[in-house]
There are 2 protein chains.
Amino acid sequence: MTTPSTVQRIEMVLTEEISVGELTPGMRLDEAKLAERFGVSRTPIREALNRLTAQGILVPGEKRGVFVAQYSREELSQIFEAMHEIEAACARIASQRLNLLARSEIEQAQSECLAAARSGDRAGYLRANEAFHMAIYKATGNPYMAEIATEFRRRTGPFRAKKFETTQDLIESAESHRELIDNIFSEDSATASNGMRSHMTASFMQTLKVN
Amino acid sequence: MTTPSTVQRIEMVLTEEISVGELTPGMRLDEAKLAERFGVSRTPIREALNRLTAQGILVPGEKRGVFVAQYSREELSQIFEAMHEIEAACARIASQRLNLLARSEIEQAQSECLAAARSGDRAGYLRANEAFHMAIYKATGNPYMAEIATEFRRRTGPFRAKKFETTQDLIESAESHRELIDNIFSEDSATASNGMRSHMTASFMQTLKVN
DNA sequence: ACATTTGTTTTTGTATACAAAATAGTGGCC
DNA sequence: GGCCACTATTTTGTATACAAAAACAAATGT
């Protein structure tokens, strides 16, 4: 692992703070303040903000300033629709490329989801759930596909996280993975992609309630 | 239409030059030279290069410099696989949202493809073909989906363009749209997405021969 | 009291300067 | 002649400076 450059570091910190909810949607990011906070000049800050904007995590304001992306219900619905299609495509490709390693990595991630859910570890479950989906992306063997999927995951992170309130929420989410896994492991592409679509749709129903 | 800022202008010019093939894959872009050429300082050039890098059109070199993205056959195959899935997803969504306007825009674009193909207008066909696919993206009613699709289209532009040599190539490509349109207009999502996948796959076979 | 204009302050975009990293070049040495 | 060490040059990343644009605020006139 190469040492991250200054702008990569800034990018990572901000991404993290947004996904954790420390920086909430709609909030404005001030170049000068960030420069002072990170102890660097505006130049690398600008570069980091540009990259985050390109990823859709931040959006440029009407006249000036960049803001943490904030979506209307309509936009949220569209962005999730797109994400569902991407996820479904990943499931589809993965179902056709499955090997022993991929299967075990997915199962492994699922165990961790269940463990975290049962112990009511919300933060742990969020991490494990990401890892679970990442395992599917990886199983596609296609880094380009994996990258768009990851990007959408980051973009929607702050909205999805909100839906997990109780331990029961976590358990239900974790258990719903089982059918999804079976669908993917069936190695039938239509079953896999439809399975993912319905998993995601069910999940989105919950998300919409809290956004 | 707002006047494009300096960096947007630079971004557009470079994008165009890459898609046209004036800047070929593997070529190095020198900040200082570009700065001189556009009559600006390195700062806005840097910003433009960053954005293009974020879009995957440029890639950072090992140690220094940015280069026009160049893909091995393996990578090309992966990137097209991803693109096929995105296009298929667009076809799928579009098939469920079709209205009269969308239908006529797609047919309109197709007429222009045929006209350009028959008159052997290569550049014209390339443009018309882009417009045809854009019409499908637009028919999804989902700007997020449309954006990723467009991004992939830009990224693969230089490789896809190469496959059109003769007028016959153009005509065959344009005529193969017919079946695709019928599949989408059937309003059956599986038919639409599978139709797009096979259209894209056939097209990729040609692409691979020349890359 | 309100709208409009004018002046002030912030904020952004671009230019320039500079230091650190990387490459290329040069000369000496075997 | 080939190879290594060392220097010069290019190139990059970051800082700083400055001018133009935008937001804000106050004052003026109606």
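Here is the naming used below: chain letters follow the sequence lines, and residue numbers restart at 1 for every chain.
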**Report entry** Atom pair distance, as rounded to whole Å: CD in A:Glu31 and C1' in D:dA21
**Finding:** 14 Å

Requested in this report: Rounded to the nearest angstrom, tell me the gap between atom CZ in B:Phe67 and atom P in D:dT12.
Outcome: 9 Å

Query raised in the report: For DNA chain D, whose closest nucleotide is more 5', that of B:Arg28 or that of B:Thr43?
Result: B:Arg28

Report task. Hey, can you tell me if B:His84 and B:Phe80 have their rings parallel, tilted or perpendicular (30° and 60° cut-offs)? Result -> perpendicular

Query raised in the report: Any chance the side chains of A:Glu11 and A:Gln55 put a donor and an acceptor closer than 3.5 Å?
Result: yes

Query raised in the report: Taking atom C1' of C:dG13 as reference, at what distance in whole Å does atom CD of B:Glu47 sit?
Result: 8 Å

Query raised in the report: Separation of A:Asp30 atom CG from D:dA22 atom C1', in whole Å?
Result: 14 Å

Requested in this report: Name the closest nucleotide to the A:Arg46 side chain, picking from C:dA15, C:dG13, C:dA17.
Outcome: C:dG13

Query - Atom-to-atom span, CZ of A:Arg9 to C1' of D:dG13 - whole angstrom - result: 14 Å

**Report entry** Presence of donor-acceptor pair under 3.5 Å, side chain of B:Arg42 and base of D:dG13
**Finding:** yes

Query - Rounded distance (Å) that lies between atom P of C:dT10 and atom CG of A:Leu34 - result: 18 Å

Report task. Please check the phosphate of C:dG13 (OP1 and OP2 only) for any side-chain N or O of B:Thr6 closer than 4.0 Å. Result -> no

Report summary line: Rounded to whole Å, the CD1-P distance (B:Ile45 to C:dG13) equals 16 Å

Query - Rounded distance (Å) that lies between atom P of C:dT12 and atom CG of A:Asn50 - result: 12 Å

Query raised in the report: Between B:Glu75 and B:Arg155, is there a side-chain N and carboxylate O pair less than 4.0 Å apart?
Result: no

Query raised in the report: Counting side-chain heavy atoms from C-beta on, which of D:dT11, C:dT16, C:dT11 comes nearest to B:Ser41?
Result: C:dT16

Query raised in the report: Side chains of B:Tyr71 and B:Ser77: donor-acceptor distance under 3.5 Å anywhere?
Result: no

